Amino acid sequence: MALEMKVPSPGESITEVEIAQWLVEDGDYVTKDQPIAEVDSDKATLELPAEASGIITLQAEEGDAVAVGQVVCLIDTDAKAPDGDASSNETISEKAPEPVAPPKEVEKPVAAAPEKSTTYATGTASPAAKKVLAERGIDSASVSGTGRDGRITKSDAIEAKPSMGTPGPGSRGEERKKLSMLRRKVAQRLVSVKNETAMLTTFNEVDMQPIFNLRKEYKETFKSKHGVGLGFMSFFTLACVRALKMYPAVNAMMDGDYMVSYDFQDISIAVSGPKGLMVPVIRNAENLSFRGVESEVKRLALRARDGKITVDEMTGGTFTITNGGVFGSMLSTPIINPPQSAILGMHNIVERPVAINGKVEIRPIMYVALSYDHRIIDGKESVGFLVAVKEALENPEELLMNNTIKKALEL
């Protein structure tokens, strides 16, 4: 009996996927629940497990776009498993004899063209040709002579084209590879944001010394008790939660002629995965503590890295934080993650001279950027939001911990 395996729905609103890679070959014996393919949707890469054991017949090629519900392979459930030491899978039916190709017609030999004679004069430039080549900076070895026995004439030198550069000894190959469906969808969304929103970016700088001091004093105790590190993401996430409550327009989004506002903060965090940039969501970040945020960041980052992140875990965010600083970025203008209306960009931390109480001091400074949709967020709100984030990060003990550090860190 041949079982038809159809593409399951990877999530709501997804109608098409792409066969990224077959993990088995046509004619292989597969077992139930064995991963047989990786499929790309416009939001994630998912594994396709076999629905039964048997010999598989592939019905789609790698790179094919297939609709949800379309048959992609057949599994012959009546086939027996091959011996364990067999070097290859064998089908239970004998192969049909291959057709014998008809004898080829004997081709008549074609007379070879007479070879040109080669003498001492071949490739040698005449005096007049030498002068022309020298004036034009052309090597005589790159010119084909049309004179007697291949001699380079003056007309050959005049018509010769100068070299545009000689390739070096290294490889000059190129590769043409189709982008994954996920990557194509990301590209499409980013271009649409640039074209369909009134995107603007505002900047500020943050003195990270107070956070450095807290992490230096409490990070070891925090990690030993909670099993996760006390990183920067918890400070930034909670600072954004506070600022979003103060400026709710930044936590809203456009829907046609309407502005949709939310009374919760689902914070999307951009992480780099094997298939490219992914943006999982920390749900109800307003209800999380430092430990809660760090645990959720670690969990989502590991799932993205291992390719196990689901579509549901990457949809529904109301605001995004991206950290280009981990790759060394000093400053950038992040692109809004649609349909959201704003995104905060973190950058690297560099010791810079700053004025503190009338004196120059060296402090760890981070530049931060807020890109926002000017259609619903005014300049006053965007600047006020970024200033509120800056204030919370430069005074975390009071504004994020309510002056009770150990209680806030659950130590």
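These numbers were taken from a predicted model, which means no experiment stands behind them.
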Open item on the list: Counting C-beta onward and ignoring hydrogens, is there a side-chain heavy-atom pair between S268 and F319 closer than 4.5 Å?
Closed with: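 With C-beta onward as the side chain, the pair stays apart.
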With sequence neighbours excluded, give me every salt bridge (charged side-chain N to carboxylate O under 4.0 Å, His left out) pair touching [range].
range: residues 394-410; value: R291-E410, K390-E394
range: residues 239-252; value: none
range: residues 58-73; value: none
range: residues 328-349; value: none

Open item on the list: Under the rule for salt bridge (charged side-chain N to carboxylate O under 4.0 Å, His left out), what residues qualify as partners of R283, not counting sequence neighbours?
Closed with: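 Salt bridge (charged side-chain N to carboxylate O under 4.0 Å, His left out) list for R283, sorted by chain: D266.
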- [ ] Please list all pairs passing the ring pair (Phe, Tyr, Trp, His ring centres under 6.0 Å) test where one or both residues lie in residues 234-260, with sequence neighbours left out.
- [x]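 Qualifying pairs: F235-F290.
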Open item on the list: Could you report the tightest heavy-atom contact between A285 and I267, atom names first, then the distance?
Closed with: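 Where A285 meets I267 most closely, the heavy atoms are CB-CG1, 3.7 Å.
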TODO: List the atom of P49, the atom of D33, and the distance in Å for their closest heavy-atom pair.
DONE: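 Looks like CB-O, 3.9 Å.
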Open item on the list: Under a 4.0 Å threshold between the charged nitrogen and the carboxylate oxygen, would E313 count as salt-bridged to R299?
Closed with: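 Salt bridge flag = yes for E313 with R299.
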Open item on the list: Could you go through V39 and V7, starting from their C-alpha distance and side-chain angles, then the distance that decides it, and tell me whether this counts as side chain to side chain contact (heavy atoms under 4.5 Å, CB included)?
Closed with: CA-CA 9 Å; V39 295; V7 178; 5.8 Å; no
TODO: May I ask you to decide if V68's main-chain N or O and E16's side chain share a donor-acceptor pair within less than 3.5 Å?
DONE: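 Absent.
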